[in-house]
A.B. asks: 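This structure is in C-alpha cells; I'll ask about it shortly.
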Number of protein chains: 4
Amino acid sequence: MPALHHGNRHGRSEQARRSVLEAADDLLAERGFAALTVEGIAARAGVSKQTIYRWWSSKVDILLDTLADDMAQMLTPPDYRDLRRDLSEHLHRVARFLTESDAGAVYRALVGQAQHDPALAARLRTDYLSEQRARDRLPLLRGIERGDLPAGTDVDVAIDRLFGPLYLRVLVTGEPVPRAFTDRLVDAYLAAP
Amino acid sequence: MPALHHGNRHGRSEQARRSVLEAADDLLAERGFAALTVEGIAARAGVSKQTIYRWWSSKVDILLDTLADDMAQMLTPPDYRDLRRDLSEHLHRVARFLTESDAGAVYRALVGQAQHDPALAARLRTDYLSEQRARDRLPLLRGIERGDLPAGTDVDVAIDRLFGPLYLRVLVTGEPVPRAFTDRLVDAYLAAP
Amino acid sequence: MPALHHGNRHGRSEQARRSVLEAADDLLAERGFAALTVEGIAARAGVSKQTIYRWWSSKVDILLDTLADDMAQMLTPPDYRDLRRDLSEHLHRVARFLTESDAGAVYRALVGQAQHDPALAARLRTDYLSEQRARDRLPLLRGIERGDLPAGTDVDVAIDRLFGPLYLRVLVTGEPVPRAFTDRLVDAYLAAP
Amino acid sequence: MPALHHGNRHGRSEQARRSVLEAADDLLAERGFAALTVEGIAARAGVSKQTIYRWWSSKVDILLDTLADDMAQMLTPPDYRDLRRDLSEHLHRVARFLTESDAGAVYRALVGQAQHDPALAARLRTDYLSEQRARDRLPLLRGIERGDLPAGTDVDVAIDRLFGPLYLRVLVTGEPVPRAFTDRLVDAYLAAP
DNA sequence: AGATAAACGAGACGGTACGTCAGGTCTTCGC
DNA sequence: GCGAAGACCTGACGTACCGTCTCGTTTATCT
C-alpha cells in the first residue's frame, strides 16, 4: 500500500486535489453555495487551508475546476443524422444537466455568482461557455451541410432561440423543463428557422 | 430648520428609509453586489446598523425594496393596438431595463443571488416575477382578443420563447441585446406562434 | 439578575476586561508565555478575539495591563525608620515578588520578551520600571535625610548594587534568592555605601 | 573551483553548517529575535529547511550553536597578577560583550527566551552559564591564593555582587555600562569583600 | 569503474495562530 | 418609542511559519 502522500518534489498531490474537488461538490450539493467556505472544504477534504490556497484562488475557482470535465462529457450533442432528433436530444440533455445533475448545480451557482463578479463572468465565458457554444452549433452546422437548413441560417440566433427559453426557466422562473417543452422549442424553431 | 431626525414617538423615519435605499442603490452601482455590506450601507446612509436590521432582514431585502416600484413603472407594456409593435416595443424596453438601468442591475444581482438562496428565489417569484409575467401576458392576450393570434395560443410558452433568448444573453453569455435582435425574436414568434 | 453585558453606547464592558486579564494571567501561570495565544485567551475568557484586539494590541499588552496595579501594591517599601531593616525588608519583598508571585511571573515573562522587542523594552522602562525605581529610592533617601548615609551617596548605583545580584539570580542563573542572600547584599552595601 | 556541495556519504556539509550559523547571526542582528524564522534562515543561507531540521531542533538551537565558541574566546578573564586590575578588566570585557558584540546580542536573546522556555533555561545553565561561572571565579580564586582576599571568601556571592548590577542594567533598565560603573563595582567589592 | 548510501536542494503537505472583516444582537442615551 | 452610537460574540477570511515528508541529485567511499 502506498503511504499517504505528503508532498514531493515533482508537483502536487493528486489525492489532495481530488479530495478538495469532491468535498466542494458535496458541500455545494448539501448546503448550497452560500454556506460553502474554504475552511469547510478544507475540513471535509482533510486538507489544510494552505493547500487549497496554493492551488486555487477562491471557492469559485474550485467549482470551476470541478466543472471542466463534466460539461464536455455531458453536453456533447449526439449525431443521429437527423436535425430534429439531434436538437431534441441535445436540448433534453442540456435541460437535464441544468436541472438534475450535480454539475448542473455547480453551473447554476457559478452563473449566479457571475452576476456579482465580472472577472468570473469573463472567465466563464472564455473558458467554458464558448466551448459549450461550439458544441451547441454542431447539430445545426450538420443540418446546414445536409441541406436540412438554408445556407444562410444564423446559427447563433438559432441557439439563442432554442436554449434561451430553457435558461429562462432554469435561472429565473424555476419552472420545470420537461421534454415536451424542449420539443416544442425545436418545433417552433424548425417551423421558422 | 428642523434638526435631523433622531427618533420620535410616531413611527419610523421616512428619511432613514430613503437614505438606506439610496445608499444601497448607489453602492451596488459603484462597487457591485459582492462589495455591498450592511455596514457599508449604514455608513453611507448615515444610519445605524440597528436601524437597518429593524426594518430589513438583509442586504437582499433592501434591494428587493428598491426594486418594487421601478419594475411596474418601467416594464408595463404599451398598447398600440398592434401585436408586432406592442411586442417589439415591450421586448426592447425589457432589454434596456435589464442592460442599462440601475434597477436592472439590482434585478440581475438578485436573480444571481437567488441561484444560491432558495428563499430569495421563492420570494422573487411570488412577489415580483409573477407580476411581471402578468404584465408580459397583456400584449399577447390583447392579440388573441383581436384575433391576431389563434385562440388556443399558449401564452406562457410564447413568453418563454420571446424573452428567454433575451435572458440568456443578459445572464449568461453577456452579449448585447440590440433592437435588431429583439425584433428578430418577434418575427420568429409571429412566423410560428 | 442582570443580563450579560453585550455592549452599550458608552464605554467598554468591565466584565470582558476582567475576564481577559484573568484568563491571560491563568494561562501564563499554567502553560507559560510561549503557549499563550490571543485565541487561547479569548476562548478561556469567553470573549471574542475582536474584543481583545479592540482594546489591546497584543498578548504583551494584556500582560502589561495585568501588571500595573500589582507592582505598586506589592513593591512599595516599608518605613521602619531604620535603614538596614527597610532595605532588608524591601529586598526580601522584591525577591518574593519575582520568584513566587503570579505577577512576578508576568514580570519575568515581559522582561524576557523585552529582549526581543525594543518597543516593549521602552514601554516597560518608561511606564513601569521608572516608577519602581522611584519606590526603590525611598528607603535610601530617607536614610540620607536621617544622616544614616552620607549626603553625597549615589542612590542609583546603590540600587544597582542592592538589586542587581537579585536580578542576576532570578533572570540568569535561576538560583534561589533566600533572605540570607538578600541580607548579605544589604550588609555589603552598608559596609561600603 | 569545487562545485557546490550537495551531500556525501559520510558526514555533513561544513559549508551548509556555516551558512546557517551566519545567516542566523545576521538575521538576528538585522531584524531581531522575534522576526527570526527557520524559513528565513534557510532562505538566507541557501539551504533547505530539511537540512536545518536535520542538524538543529529549533532556531534557539542554532543560536546556541553560534554562541559556544564566542563566549570562551571573549570572556576568559586575563591574569595580570593583580586582583583589582583582573576584576576591572574582566568586568569591562563582559560589559562590552553583552552590550556591543553580536554574540552578546545572541546571548541576550537567549536569556530572554529562557524566561519563557524552561528547557532552554536549563540547557543554558548547564552548558554555558556554568562554564562562564567557572571562568568568572578564576580571578577571585587567584586572589585568594595570593592572599589578596581572605581564605573564607564566598566566591559565588562575590560574583553575584560584581556582575549582578551589570546584568540589571543590560537586561532590565537598559542603562549604559561604562567602565566607570564597572570600576565602581570593583571598588565597592574590594572595600567590603 | 561501478555501486552504494548519506546528505543535499526543493517544495508540497497538515496544521496552528495570526490579525482583519462583516454579520447579526444587545444596551444606552438623546430627541 | 425610534434612531444613533457602538460594544459584543461569531465565524470566515487569507497569510506566515511550523515541523514533517518525499523526491531526484550529488558525491565520498567501498567494493
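Side chains included, hydrogens not; waters and symmetry mates left out as well; all remaining heavy atoms used. We name chains A, B, ... by the order of the sequence lines, and we start the count at 1 in each one.
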A.B. asks: Between F:dG14 atom C1' and A:E39 atom CD, what is the distance in whole Å?
C.D. replies: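 Computing the A:E39:CD to F:dG14:C1' distance gives 10 Å.
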A.B. asks: Among F:dG14, E:dC8, E:dG24, which is the nearest nucleotide to the side chain of D:S13?
C.D. replies: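 Of all the options, the side chain of D:S13 is nearest to E:dC8.
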A.B. asks: Among F:dA16, E:dC8, F:dT20, find the nucleotide with the atom closest to the side chain of D:R54.
C.D. replies: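 It is E:dC8.
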A.B. asks: On the side chain of A:Q50, is there an atom forming a donor-acceptor pair with the base of E:dC13 - under 3.5 Å, no angle test?
C.D. replies: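 It does not, because no donor-acceptor pair links the side chain of A:Q50 to the base of E:dC13 below 3.5 Å.
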A.B. asks: Side chain of A:K49: nearest nucleotide among F:dC13, F:dC8, F:dT20?
C.D. replies: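 Out of F:dC13, F:dC8, F:dT20, the nucleotide with an atom closest to A:K49's side chain is F:dC13.
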A.B. asks: On the six-membered ring of C:W56, is C:R12 placed so that its NZ or CZ lies under 6.0 angstrom from the centre and within 45° of the ring axis?
C.D. replies: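 Positive - C:R12 is close enough to the ring of C:W56 and near enough to its axis.
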A.B. asks: Which nucleotide in the set F:dC13, E:dC18, E:dA22 lies at the smallest distance from any side-chain heavy atom of C:V38?
C.D. replies: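 For the C:V38 side chain, the nearest candidate turns out to be E:dC18.
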A.B. asks: Using the side-chain heavy atoms of D:Y53, tell me which of these nucleotides is nearest: F:dT20, E:dG9, F:dC9.
C.D. replies: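 Ranking F:dT20, E:dG9, F:dC9 by closest atom to the D:Y53 side chain puts F:dT20 first.
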A.B. asks: Tell me if the CZ atom of C:R54 is crowded by more than 12 foreign heavy atoms within 6.0 Å.
C.D. replies: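 It does: C:R54 CZ has more than 12 such atoms within range.
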A.B. asks: Strictly below 4.0 Å: does C:S48 bring a side-chain N or O up to OP1 or OP2 of F:dC9?
C.D. replies: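 Affirmative; the distance criterion is met.
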A.B. asks: Between B:W55 and F:dG3, is there a side-chain N or O to OP1/OP2 distance below 4.0 Å?
C.D. replies: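 Looking at the OP1 and OP2 atoms of F:dG3, one of them is under 4.0 Å from a side-chain N or O of B:W55.
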A.B. asks: Look at the side-chain N and O atoms of C:T51 and state whether any lies under 4.0 Å from the OP1 or OP2 oxygen of F:dC9.
C.D. replies: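 For C:T51, the contact criterion (side-chain N or O under 4.0 Å from OP1 or OP2 of F:dC9) is met.
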